[in-house]
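Heads up, the thing below is written out as structure tokens.
Just so we're clear, the structure is a prediction, and the values are computed from it rather than from any experiment. Indexing begins at 1, ligand by ligand and atom by atom, following the structure's order.
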Amino acid sequence: MENIPAFCTQCRSRCGCIAHVEGGRLTEIVPDPGHPSGKKLCPKGRAAPELIYHADRLTHPMRRVSPKGERPARWERISWGTALDEIAAKMGAIRAEHGAEQVAFSVTTPSGTHMSDGIAWVERFIRGFGSPNNIYSTEICNWHKDHVSRLTYGSDTGVPDYARSDCMLLWGHNPVATWLARSVEMQAAMKRGAKLIVVDPRATLFARRADCWLRLRPGTDQVLGLGLIHILLRDGTFDAGFTARWTNAAALVREDTGDLLRDAAGGLQALGADGGVVGYDGQKRDWRGPVALFGAAEVNGVRCRTALSLLQEVVAPHDPTSVADETGVDQDALEQAAQMMSAAEALSYCAWNGVAQSRTASQTERAMAILYTLMGHYGQPGGNVPGAAAAFNDISGLDLLSDAQKAKGVGREARPIGPGNQGWVTARDVYRAALGQGRYPVRALISFGGNLLAAQPDADLATEAFKALELHVHADFFLNATAEWADIVLPAATSWEREGLRHGFDATLEGQRRVQLRPAVVAPIGESRSDVAIVMALADRLGMSEIMFDCDVDKGHAHLLANTGVTIDALRAQPEGVEVPGQVRVRAHETDGFATPSGVIEIYSEQIRRTGLPPLPVWREQDAMVAPEGYPVRLSSAKSVTYCHSQHRNIASLRRLQPNPPLEMAPDVAEPRGIADGAWVAVTTPKGRFLAQAKVIAAQIPGTVVAQHGWWVPGSADAPYGEADAMAANINPAMDTSECDPLTGSIPLRSGWCEVALL
Ligand SMILES: Nc1nc2c(c(=O)[nH]1)N[C@H]1C(S)=C(S)[C@@H](COP(=O)(O)OP(=O)(O)OC[C@H]3O[C@@H](n4cnc5c(=O)[nH]c(N)nc54)[C@H](O)[C@@H]3O)O[C@H]1N2
Ligand SMILES: Nc1nc2c(c(=O)[nH]1)N[C@H]1C(S)=C(S)[C@@H](COP(=O)(O)OP(=O)(O)OC[C@H]3O[C@@H](n4cnc5c(=O)[nH]c(N)nc54)[C@H](O)[C@@H]3O)O[C@H]1N2
Ligand code: SF4
Ligand SMILES: [Mo]
């Protein structure tokens, strides 16, 4: 038996492991406790052999020979040469005749699939080809925490330094199910005595163990954030020193224009402690004199107020009583959470999907970032620390996509500082363009995994769009619901069947020093090929070889590592990975400032204001959640440890753990409707309907149900739906997309309304 050091790429945790291989077959994976994220493995990671050797794996390229939409689709086997020649020829022709933007792409999420360490190459190919249209789910996944956060901090929310935290805030994120290595670190911190605050409508494991659980109604997080800021400002329990020095809180805002007041050289101007005006010294990274955080001044006849005074006005309506009314959070718990945060020596936080899927996701992210800023722990030991352990060169090719091409991205005109800047677009914008409702028609869709029909709403629009496409290609391990519509499907190799490079394992700051070149542990099944091999073969045919490092993966990786002192040969010699010299820098702002346009944390955001949106996270009347007539129950969703999105229902060991789609129900929803645990129910929204099996949970916030997305396979033996209506349990057709977050395009997958009835 061979023991091969590896890591699992199946989810965001990226757990270090040892692969046991016998006679060329993977038999099992076991934890590698010496690895920074290797202490535990979950059931779906351990199911790797079942995934690799699954009877339904795609093993050769195929062309659909039945009409689009006919089910089951009929296929003929084709050679890789034929498939690649045909795809490249069509892509090249569309680019030459109409422009690269008319070829759209979709890439499955690197946070919940093996795309995790293929993504840089696939994106390099897409951007190098010149298309600004890549459906990437980022606006409902990570864009808020990783990019909206930049509008405030100048960088992402950073890595929570749990090893040194004494208080952890976990907000709309459930690492027990979705990020095992992070969950392990948090539990270790709790054992050490660190306090925990959880913001979640559901009684997750961490919510039940928390020192303070803010059990809120789905979709009301922004109000909660503003309420916590209200208390800090009311009591003066924020970090006034950090806030004054490192943010634009004291900066004056002109009442006439809403711009920040600037001196002739464009420098910020703050309210001085003596009531005058104080300039900013960009060299020293400090104000030229003592500043006041609250107050007003008249400067050359213009009335100005400090940014923090304006924030105080924004949070004024959100006193604890009204926050409790809107969010359902207990008032004492709210006060307790504010008190715990202010008392913390080292406060870290993390937030994810629970706050990223609503019409107000961006301003929610802003409220959380401002709250955290006011506490003064960003970049501090035990707080959230941005940056990597070494300077890695980016090979994902953002530099290859010109501004002119980016400007052509679908939806870019509506959201100028949204994900379109990276060439990431929403599914529905692409569908509409394919149907001729955009600035130009999208003629082709090339997908690297993903399951648009199951993981995204608007399936009807999607299938109309698919019918209109001139070329539709899908590379995957399996023929999923979306792949059935493709003209050509390509068999993709799993990460166990190919090499993969990961730099930084970010459950801890120390783990960020680990770089690992994971070897292929087994040979590819059938004729399957890695996504990287597929894009290289297409790049070669499209004359893009030079920009793809001569289609030589090692050359690209050598460039990625060029500044780190680590070589590819060293990585090959040590498959368990090597540590790069250097550490993640704490308090980097003390020497470098923050990477915002002003160099300080931007509580007042001129970048957002320039797009016509509020520069402070004001909760507007139209943001309030109002139940549509006849749909009184709040509807959200959450993930389980068993599955990733629409995957894994075909893995027998996992399906046994969770045979049916659950609907977690608060007792006050279940009881009056006569719904008992285990009953099958229909959930109806103004948009559609889905089926699920009731799970009544005593501690869940009243008035709320929480579903699980990703079901699109025939029901198990006791399910009231079968082969013919396999999509009956899919929640996304019932999700409304008519309104979206104006900055990012996020949609209200967590803040819907429904009615529930016994089947
Ligand atoms: N097992 C597994 N792991 C995964 C994935 C997977 O599909 N399965 N997917 C990966 C990907 S792509 C991602 S993005 C991450 C996501 O990781 P998480 O963010 O942890 O994912 P979720 O469980 O969807 O949502 C987190 C929590 O939000 C809560 N929640 C629901 N509505 C609200 C709300 O309105 N407000 C608040 N505050 N909380 C709310 C849910 O109850 C849930 O506990 O997981 C990654 N890891
Ligand atoms: N209602 C609701 N909808 C949601 C969410 C929610 O919480 N609620 N979560 C959203 C989130 S956070 C995300 S990220 C999206 C995810 O949405 P998708 O990215 O569409 O993810 P999946 O549905 O899991 O589809 C993954 C497909 O890619 C294939 N695959 C896996 N790895 C690879 C690989 O390395 N290469 C190739 N070529 N194929 C591969 C799998 O076999 C599978 O068929 O869903 C979103 N949809
Ligand atoms: S938590 Fe499970 S699926 Fe995710 S990386 Fe670890 S073993 Fe793999
Ligand atoms: Mo995601």
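- In terms of N/O distances under 3.5 Å, ligand 2 is approached by Gly450.
- Between Ser751 and ligand 1 there is no heavy-atom distance shorter than 4.0 Å.
- Counting heavy atoms under 4.0 Å from ligand 1, residue Tyr643 touches it through the backbone alone.
- Protein heavy atom nearest atom 12 (S) of ligand 2, with residue, atom name and distance: Asn353 OD1, 3.3 Å.
- Given atom 6 (Fe) of ligand 3, the protein heavy atom at minimum distance is Cys15 SG, 2.3 Å.
- At a cut-off of 2.8 Å, Cys42 does not coordinate atom 8 (Fe) of ligand 3 through any N, O or S atom.
- In this structure, Arg518 forms a cation-pi arrangement with Phe7, its terminal cationic atom sitting closer than 6.0 Å to the ring centre and no more than 45° off the ring axis.
- When hydrogens are left out, the protein atom nearest atom 10 (C) of ligand 1 is Ser111 O, 3.3 Å; that is the closest non-hydrogen contact.
- With atom 37 (C) of ligand 1 as the reference point, the heavy atom nearest to it among Thr108, Leu170, Asp221 is part of Asp221.
- Here Tyr643 and Trp711 bring their ring centres to under 6.0 angstrom of each other.
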Can you list, pair by pair, the side-chain donor-acceptor contacts under 3.5 Å of residues 484-495, counting residues two or more places apart and other chains?
unit_1	atom_1	unit_2	atom_2	d
Glu484	OE2	Arg71	NH2	3.4
Asp487	OD1	Arg64	NH2	2.8
Asp487	OD2	His472	N	2.7
Thr494	OG1	Trp496	N	3.3
Thr494	OG1	Glu497	OE2	2.4
Ser495	OG	Thr9	OG1	2.7
Ser495	OG	His114	ND1	3.0

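- Regarding atom 46 (C) of ligand 2, its nearest protein heavy-atom neighbour is Ala455 O, 3.5 Å.
- In this structure, atom 4 (Fe) of ligand 3 lies nearest to the protein heavy atom Cys11 SG, 2.3 Å.
- For atom 40 (C) of ligand 2, the closest non-hydrogen atom on the protein side is Phe477 CZ, 3.8 Å.
- For Leu216, the closest heavy-atom approach to ligand 1 falls below 4.0 Å.
- Ligand 1 has no nitrogen or oxygen under 3.5 angstrom from a nitrogen or oxygen of Pro201.
- Between Tyr136 and Trp424, the distance separating the two ring centers is shorter than 6.0 angstrom.
- If you check the side chains of Arg502 and Ser116, you find a donor sitting under 3.5 Å from an acceptor.
- Here atom 6 (C) of ligand 1 lies nearest to Lys639 when heavy atoms of Gln647, Lys639, Arg12 are compared.
- The closest approach between Ser637 and ligand 1 falls below 4.0 Å for a heavy atom of the residue.
- For ligand 2, the atoms sitting less than 4.0 Å from at least one non-hydrogen atom of Ile731 are 1 (N), numbered in the order shown with element in parentheses.
- With Lys639 as the fixed residue, the side chain to side chain donor-acceptor pair (under 3.5 Å) test singles out one of Thr178, Asn353, Asn174: Asn353.
- At the top of the distance list for atom 34 (C) of ligand 1, counting protein heavy atoms only, stands Gly354 O, 3.1 Å.
- By the 6.0 Å and 45° rule, Arg529 stacks over the aromatic ring of Trp80.
- A salt bridge between Arg498 and Asp117 is present, with a side-chain N of the basic residue lying under 4.0 Å from a carboxylate O of the acidic one.
- Among Leu749, Thr327, Thr178, the residue whose heavy atom lies closest to atom 17 (O) of ligand 1 is Thr178.
- Across every non-hydrogen atom of Arg215 and Pro702, the tightest pair is NH2-CD, 3.6 Å.
- Here Ser646 has heavy atoms under 4.0 Å from ligand 2 in both its backbone and its side chain.
- Below 4.0 Å from some heavy atom of Thr204 lie the following atoms of ligand 1, by number and element: 44 (O).
- Remark: minimum distance from atom 9 (N) of ligand 1 to any protein heavy atom is reached at His645 NE2, 3.1 Å.
- Counting heavy atoms closer than 4.0 Å to ligand 1, residue Ala177 contributes backbone atoms (N, CA, C, O) but none from C-beta onward.
- Atom numbering of ligand 3 starts at 1 in the shown order; those under 4.0 Å from a heavy atom of Arg14 are 5 (S).
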Hey, mind stepping through Cys17 and Val30 against side chain to side chain contact (heavy atoms under 4.5 Å, CB included) and telling me if it holds? CA-CA 6 Å; Cys17 64; Val30 297; over 6 Å; no
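- Checked against a 3.5 angstrom limit, the closest N/O atoms of Lys44 and ligand 1 fall inside it.
- For ligand 2, none of its N or O atoms has an N or O atom of Ala492 under 3.5 Å away.
- Heavy atoms of Val706 come nearer than 4.0 angstrom to ligand 1 in no pair at all.
- The closest approach between Gly112 and ligand 2 stays at or above 4.0 Å for every heavy atom of the residue.
- Arg649 forms no cation-pi arrangement with Trp712, by the criterion of a distance under 6.0 Å to the ring centre and an angle within 45° of the ring axis.
- Annotation: Asp476 places an N or O atom under 3.5 Å from an N or O atom of ligand 2; distance criterion only.
- Using a 4.0 Å cut-off between heavy atoms, His114 contacts ligand 2 through both its backbone and its side chain.
- When non-hydrogen atoms are compared, ligand 2 lies under 4.0 Å from the backbone of Thr109 as well as from its side chain.
- Interface atoms of ligand 1 facing Trp171, defined by a heavy-atom separation under 4.0 Å, are 38 (N).
- Atoms of ligand 3 lying under 4.0 Å from at least one heavy atom of Cys8, given by number and element, are 3 (S), 5 (S), 7 (S), 8 (Fe).
- Side chains of Ser358 and Ser751: no donor on one and acceptor on the other come within 3.5 Å.
- When the options Arg634, Arg750, Met625 are ranked by their closest heavy atom to atom 24 (O) of ligand 1, first place goes to Arg750.
- Of all atoms in ligand 2, listed by their number and element, those nearer than 4.0 Å to a heavy atom of Ala475 are 37 (C), 38 (N), 39 (N).
- Residue contacts with ligand 2, taken as heavy atom pairs separated by less than 4.0 Å, involve Ile140 via backbone and side-chain atoms alike.
- The protein heavy-atom contact nearest to atom 29 (C) of ligand 1 is Asp200 OD2, 3.2 Å.
- Not a single heavy atom of Gln357 sits closer than 4.0 Å to an atom of ligand 1.
- If you number the atoms of ligand 1 from 1 as listed, the ones under 4.0 Å from a heavy atom of Gly172 come out as 19 (O), 26 (C), 27 (C), 28 (O), 37 (C), 38 (N), 39 (N).
- Here the protein heavy atom with the shortest distance to atom 32 (N) of ligand 1 is Ser636 OG, 2.7 Å.
- Considering each of Gly219, Cys644, Ser640, the one bringing a non-hydrogen atom nearest atom 1 (N) of ligand 1 is Ser640.
- The shortest contact between atom 36 (N) of ligand 2 and any protein heavy atom is with Asp531 OD2, 2.7 Å.
- Residue contacts with ligand 1: Pro218 is placed with no nitrogen or oxygen under 3.5 Å of a nitrogen or oxygen of the ligand (distance criterion only).
- Counting only N and O atoms by type, the side chains of Gln422 and His147 include a donor and acceptor under 3.5 Å apart.
- Every atom of ligand 1 with a heavy atom of Val641 under 4.0 Å away is listed here by number and element: 1 (N).
- The aromatic rings of Phe125 and Phe105 lie perpendicular to each other, with more than 60° between the two planes, well past the 30° mark.
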